2 protein chains.
Amino acid sequence: MELTIDPMNRSSPVPALTDHLGYWLRLVSNHVSAGFARRLERHGVTVAEWVVLRELLDVDALAPSRLADRMGMTRGAISKLADRLVAKALVDRQDDPQDGRAQTLALTAAGRRLVPRLARLADANDAAFFAALASRERATVEAALRKVVAQHGLKHRPVD
Amino acid sequence: MELTIDPMNRSSPVPALTDHLGYWLRLVSNHVSAGFARRLERHGVTVAEWVVLRELLDVDALAPSRLADRMGMTRGAISKLADRLVAKALVDRQDDPQDGRAQTLALTAAGRRLVPRLARLADANDAAFFAALASRERATVEAALRKVVAQHGLKHRPVD
DNA sequence: GTCTTTTTGTTGACTAGGCAACTTACTGCT
DNA sequence: AGCAGTAAGTTGCCTAGTCAACAAAAAGAC
């Protein structure tokens with residue numbers, strides 16, 4: 001390929017950035033996330049914090065390390081993230097009485113109250129961004145993305 | 001909605017993270033970018049640096065501020081990014097003789113040599129990630145994403 | 001029962017970006 | 001010509017991650 005003789009010096013038609021599906025994915029994804037971040041900002045919450053809150057809603061209590069696994073972040077990051085959420089009184093951190101190393105994170109009453117409001121923002125953001133797509137089209141895209149996730153066994157890594 | 005009477009306490013079925021298309025987008029996008037970053041790592045280049053190099057390939061010389069516009073980054077970020085690329089001898093920074101404020105960035109010979117190799121990594125990464133999709137399916141996804149981009153007039157913002 | 005290994009969470013150094021203040025230089029108005 | 005306004009690039013401070021070293025505690029080996 002690159003060894004092909006090319007007297008006219010046009011041997012390497014380097015593909016454009018936009019030739020990769022990953023480019024479009026990242027472009028749209030970054031805008032969707034940034035848009036959501038803007039909406040969350042008014043509530044003093046970041047996207048990563050939202051994910052924690054939403055995760056905690058279902059489980060009632062979760063070890064930071066489990067959260068790290070679920071979110072695809074390091075324990076160090078979760079440690080600091082939890083600090084912030086505790087400071088905002090949205091999350092309660094408690095030592096595990098069974099295991100001196102372990103902790104457990106849970107929503108406070110305020111956190112539990114906030115989640116549904118933020119969920120509505122998430123709905124609105126998604127709807128606004130993908131309004132251009134017919135619902136059939138949206139389903140197709142989601143199916144394709146799920147297929148990619150399945151094929152590569154991608155673990156949750158919603159935040160960078 | 002949240003005012004609906006609900007004696008069973010099931011009034012707010014808060015949607016799951018996975019109910020949003022944006023979630024899947026971000027999950028896949030982050031993995032694709034992280035995968036690409038890993039491939040680039042061996043060449044001592046980051047994804048943002050790759051984007052700069054690829055942009056410069058077409059134009060031969062570009063002002064940092066134009067680059068900032070194209071990449072959706074601040075001038076401050078471009079300033080530092082250019083520093084790194086100059087340090088790696090992949091980019092040449094030159095003062096504009098016409099305008100005492102302005103500069104111009106251009107690929108060095110080494111930079112120009114590197115781009116096609118990195119482009120191959122980009123191709124490989126994209127192909128590997130989306131191998132699960134039929135080419136028709138890939139085209140559908142790309143069309144949908146382009147539609148979203150068009151409807152919102154999204155400017156280039158490939159890097160966070 | 002002790003000693004090694006593993007696990008849990010924290011911390012500090014580092015990175016890459018944003019934002020805003022700043023310097024320098026050009027532009028346009030009069 | 002001079003001066004206000006604007007544009008280009010740099011810098012310092014901030015944020016939110018990673019990574020690796022660490023302390024404390026539990027688990028496992030024997």
Side-chain angles (χ1 to χ4, degrees), chain A residues 26 29-31 33-38 40-41 44-52 61-88 91-106 156-160, chain B residues 26 29-31 33-34 36-38 40-41 44-52 61-88 91-106 155-160:
Chain A
R26 198 174 44 168
S29 168
N30 285 348
H31 274 281
S33 288
F36 187 34
R38 261 199 349 271
L40 287 176
E41 206 169 24
V45 169
T46 67
V47 175
E49 287 165 7
W50 149 251
V51 174
V52 171
L62 196 60
S65 55
R66 310 291 289 139
L67 203 48
D69 292 345
R70 277 169 175 272
M71 294 182 62
M73 290 174 60
T74 64
R75 298 178 180 200
I78 296 294
S79 188
K80 295 162 186 169
L81 195 40
D83 285 349
R84 281 178 255 141
L85 286 165
V86 168
K88 291 176 188 172
V91 162
D92 184 41
R93 183 191 252 139
Q94 231 176 297
D95 287 340
D96 184 334
Q98 321 293 324
D99 184 337
R101 301 165 296 181
Q103 300 175 356
T104 171
L105 300 175
H156 293 259
R157 170 177 287 281
V159 184
D160 273 319
Chain B
R26 198 174 45 168
S29 168
N30 285 347
H31 274 281
S33 289
F36 187 34
R38 261 201 348 271
L40 288 175
E41 206 170 24
V45 169
T46 67
V47 174
E49 287 164 8
W50 150 251
V51 174
V52 172
L62 196 60
S65 54
R66 313 291 288 139
L67 203 47
D69 290 345
R70 278 170 174 272
M71 294 182 61
M73 289 173 61
T74 63
R75 297 175 182 204
I78 296 293
S79 188
K80 297 161 188 170
L81 195 39
D83 284 349
R84 293 191 305 258
L85 286 166
V86 168
K88 291 176 189 172
V91 162
D92 185 40
R93 183 192 253 138
Q94 230 176 298
D95 286 341
D96 183 334
Q98 321 293 322
D99 184 338
R101 302 165 295 181
Q103 300 175 356
T104 171
L105 300 175
K155 300 297 296 170
H156 293 259
R157 170 177 288 281
V159 184
D160 273 319

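To find a chain, count down the sequence lines: A is the first, B the second, and so on, and within it residues start at 1. Here the structure is a predicted model, which means the values were calculated and not measured.
- Counting only heavy atoms from C-beta on, R93(A) has its side chain closest to dT10(C) among dT10(C), dG17(D), dG9(C).
- We find that CG of N30(A) is positioned 14 Å from C1' of dG18(C), with the value rounded to whole Å.
- Rounded to whole Å, atom C1' of dG9(D) lies 14 Å from atom CE of M73(B).
- Heavy atoms only, all atoms of each residue included: S79(A) and R93(A) are closest at O-NH2, 3.2 Å.
- When all heavy atoms of V47(A) and F36(A) are compared, the pair lying nearest together is CG2-CD2, 4.2 Å.
- Between the CZ atom of R38(B) and the OG atom of S33(B) there is a distance of 12.0 Å, given to the nearest 0.5 Å.
- As a whole-Å value, the separation of E41(A) CD from dA16(D) P is 10 Å.
- Distance CZ (R38(A)) to C1' (dG18(C)): 15 Å, rounded to an integer number of Å.
- Of the inter-residue distances, the one linking D96(A) atom CG with R101(A) atom CZ reads 9.5 Å to the nearest 0.5 angstrom.
- The side-chain contact (heavy atoms from CB on, under 4.5 Å) test with L105(A) is passed by exactly one of L67(A), L85(A), V52(A), L81(A): L67(A).
- In terms of position along DNA chain D, the nucleotide closest to S65(B) lies nearer the 5' end than the nucleotide closest to the other residue of the pair S65(B) and Q98(A).
- In this model, a side-chain donor or acceptor of R101(B) finds a partner on the base of dA7(D) within 3.5 Å.
- Per the geometry, CD belonging to Q103(A) stands 13 Å off P belonging to dA25(D), to the nearest Å.
- Both T46(A) and D99(B) lie close to DNA chain D; mapped to their nearest nucleotides by heavy-atom distance, the more 5′-ward contact belongs to D99(B).
- Across residues 75-86 of chain A, A77(A), K80(A), R84(A) each have a non-hydrogen atom less than 4.0 Å from an atom of DNA chain D (numbered order).
- R66(A) has a carboxylate O that lies under 4.0 Å from a charged side-chain N of D69(A), or vice versa, which qualifies the two as a salt bridge.
- Applying the 4.0 Å criterion to OP1 and OP2 of dT18(D), one finds that T74(A) has a side-chain N or O inside that range.
- Going from atom CG of L40(A) over to atom C1' of dA16(D) covers 15 Å, rounded to whole Å.
- Taking atom CG on D95(B) and atom P on dC26(C), their separation rounds to 11 Å, with Å as the unit.
- Of all heavy-atom pairs spanning P64(B) and Q103(B), the tightest one is CG-OE1, 3.5 Å.
- When heavy atoms are screened at a 4.0 angstrom cut-off, R66(A) is found touching no nucleic acid atom at all.
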